[in-house]
Novice: 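Take this structure first; my questions come after.
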Amino acid sequence: ALLVTARRVEENLQDTPLAVSVFSGDALTERQIFETTELDQVVPNLQFADNAPLAGNNSSSQVFIRGIGQTDATPAVDPGVGVYIDDVYMGRSVGGAMDFRDIANVQVVRGPQGTLFGRNTIGGAVLLTTNAPGEDAGNSLRVGVGDDGLAELFGAFDVPIADAWSARFSLGGRQRDGYVTRASDGEDLGDEEMYTGQAAVRWEASDSLELTLRADYTNEDENGSPFVFRAMNEAATFVGAARPAPAAATTRRTSGLSGTAAPMSRRARSRIAVPLWSSTGTSTTRSRSSRSPQTAVSTGRARETPTTRRC
């Protein structure tokens, strides 16, 4: 049976009276889904995209379910779709566009979920569950390279401590050059420098008592995403006053052309990631685009074939 926890209890998906889509971590890997912004490729009614040019942050997201969401990334505005990592609510859109680092399963619940998840789930909820210690999630190590000087490394490991104690640690990092040079000062825009780590320790005190302590940390140091003009309407009133000065022009290096460039999606840049070692699966090679903290539903052990239930 496929177990889900979208109603705060562990139950069979077929017995859950919700419009919910569930994918295990292995199922997402098989479908070449490696980040939250790619979930809309496999989940109906979902639009999950980054909002980098408007927010100025590569990890900012805009999420819509059934047409309900929020495009404003300012801290004073609540998202229309709630994103949760291990039952912890991400209160703002910044950080929602992230890689699946040590993911166990993803559950996407469509429709208002205010009773179970609070007021900020008018459109629905995206529940991300990371692998817990002591659940035979296995160990893994992968590296990735790509254009614009991309280099990344990620590893996740189970660490047995004692009969009643277990721990799991994951570490990763990514560096990449930007894809737009600001002509006025030569600043490298769209670059990436990210380091992340997560630790979880579990104590099974008895058959009826279990305590889990989790902590995660992510640091991103970047110059921000470029936002440049796509075109100029020459017939508009006061077009001369709106025309950018030559010193503020932006050059897109990847095209080899100078002049004004349109906003360029990070998805257009290539990336190859190769799992070097895994204690639970076979190595695969994948080609993908590029792209931080997490959310989920506890004890969600969705390991079978991904299933979508619609109501």
Side-chain angles (χ1 to χ4, degrees), residues 6 19-21 23 28 31-85 88-101 103 106-114 117-128 174 176 178-180 189-192 194 196 218 220 222-230 261-269 271 288-297 308:
V20 55
S21 297
F23 294 88
L28 292 171
R31 285 157 176 76
Q32 301 287 287
I33 305 300
F34 303 114
E35 56 192 68
T36 54
T37 55
E38 297 173 342
L39 282 174
D40 51 14
Q41 300 179 24
V42 293
V43 178
N45 311 124
L46 172 69
Q47 292 176 296
F48 205 126
D50 65 68
N51 197 21
L54 291 178
N57 189 297
N58 290 332
S59 63
S60 180
S61 63
Q62 52 182 358
V63 190
F64 285 78
I65 294 180
R66 293 175 174 172
I68 299 176
Q70 179 61 260
T71 59
D72 194 338
T74 57
V77 177
D78 294 325
V81 175
V83 179
Y84 296 77
I85 301 173
V88 178
Y89 173 60
M90 296 185 62
R92 295 297 177 260
S93 61
V94 174
M98 71 185 87
D99 279 345
F100 292 136
R101 296 191 292 270
I103 202 73
V106 175
Q107 303 174 60
V108 179
V109 188
R110 297 182 288 279
Q113 306 298 321
F117 295 98
R119 68 188 182 94
N120 299 323
T121 53
I122 301 173
V126 179
L127 316 174
L128 312 178
R174 176 192 296 126
R176 190 172 211 171
Y179 51 89
V180 170
L189 302 180
D191 63 322
E192 299 178 62
M194 182 270 294
T196 183
T218 298
E220 294 190 16
E222 58 191 26
N223 295 326
S225 299
F227 184 77
V228 293
F229 288 105
R230 179 181 297 273
M264 179 179 176
S265 172
R266 305 172 68 207
R267 194 180 296 272
R269 300 197 284 176
R271 172 181 179 183
R288 54 167 282 195
S289 66
S290 162
R291 210 352 86 221
S292 269
Q294 302 139 347
T295 294
V297 176
T308 298

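Just the heavy atoms: all of them, side chains too, but no hydrogens, waters or symmetry mates, feed the values below. We number each residue from 1, following the sequence as shown.
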Novice: Would you call V81 and F48 a side-chain contact if the rule is heavy atoms closer than 4.5 Å?
Specialist: no
Novice: Under the criterion side chain to side chain contact (heavy atoms under 4.5 Å, CB included), I'd like the reasoning laid out for L28 against E38: C-alpha separation, chi angles, the key distance, then a yes or no.
Specialist: CA-CA 10 Å; L28 292 171; E38 297 173 342; over 6 Å; no
Novice: My understanding is that only residues two or more places apart in sequence, or in another chain, count here; which of them pass side-chain hydrogen bond (donor to acceptor under 3.5 Å, both in side chains) with D72?
Specialist: T74
Novice: Do L127 and Q113 have side chains that approach each other closer than 4.5 Å (heavy atoms only, starting at C-beta)?
Specialist: no
Novice: Between T196 and R174, does any side-chain donor sit less than 3.5 Å from a side-chain acceptor?
Specialist: no
Novice: Of all heavy-atom pairs between D191 and E222, which one has the smallest distance, and what is that distance?
Specialist: O-CB, 3.6 Å
Novice: Under the side chain to side chain contact (heavy atoms under 4.5 Å, CB included) criterion, do I65 and I122 qualify, and how do the steps go?
Specialist: CA-CA 9 Å; I65 294 180; I122 301 173; over 6 Å; no
Novice: Any non-hydrogen side-chain atom of S93 less than 4.5 Å from a side-chain atom of Q70?
Specialist: no
Novice: Are any of the side-chain heavy atoms of S60 and R92 separated by less than 4.5 Å?
Specialist: no
Novice: Is there side-chain contact between V108 and F23, with heavy atoms separated by less than 4.5 Å?
Specialist: no
Novice: Hey, are the side chains of V94 and N51 touching, using non-hydrogen atoms and a 4.5 Å cut-off?
Specialist: no
Novice: Return the minimal non-hydrogen interatomic distance between R110 and V20, and the atom names on each side.
Specialist: NH2-N, 4.0 Å
Novice: For T36 and G96, indicate whether the former's side chain and the latter's backbone hold a donor-acceptor pair under 3.5 Å.
Specialist: yes
Novice: Quick check: closest heavy atoms across T71 and F64, and the distance to 0.1 Å?
Specialist: CG2-CZ, 3.6 Å
Novice: Hey, does P79 have a side-chain heavy atom less than 4.5 Å from the side chain of M90?
Specialist: no
Novice: Taking only residues two or more places apart in sequence, or in another chain, which ones meet Q47 in a side-chain hydrogen bond (donor to acceptor under 3.5 Å, both in side chains)?
Specialist: none
Novice: Could you give the distance from OH (Y89) to CG (D78), rounded to the nearest 0.5 Å?
Specialist: 5.5 Å
Novice: Does T37 offer a backbone N or O that forms a donor-acceptor pair with the side chain of D50 under 3.5 Å?
Specialist: no
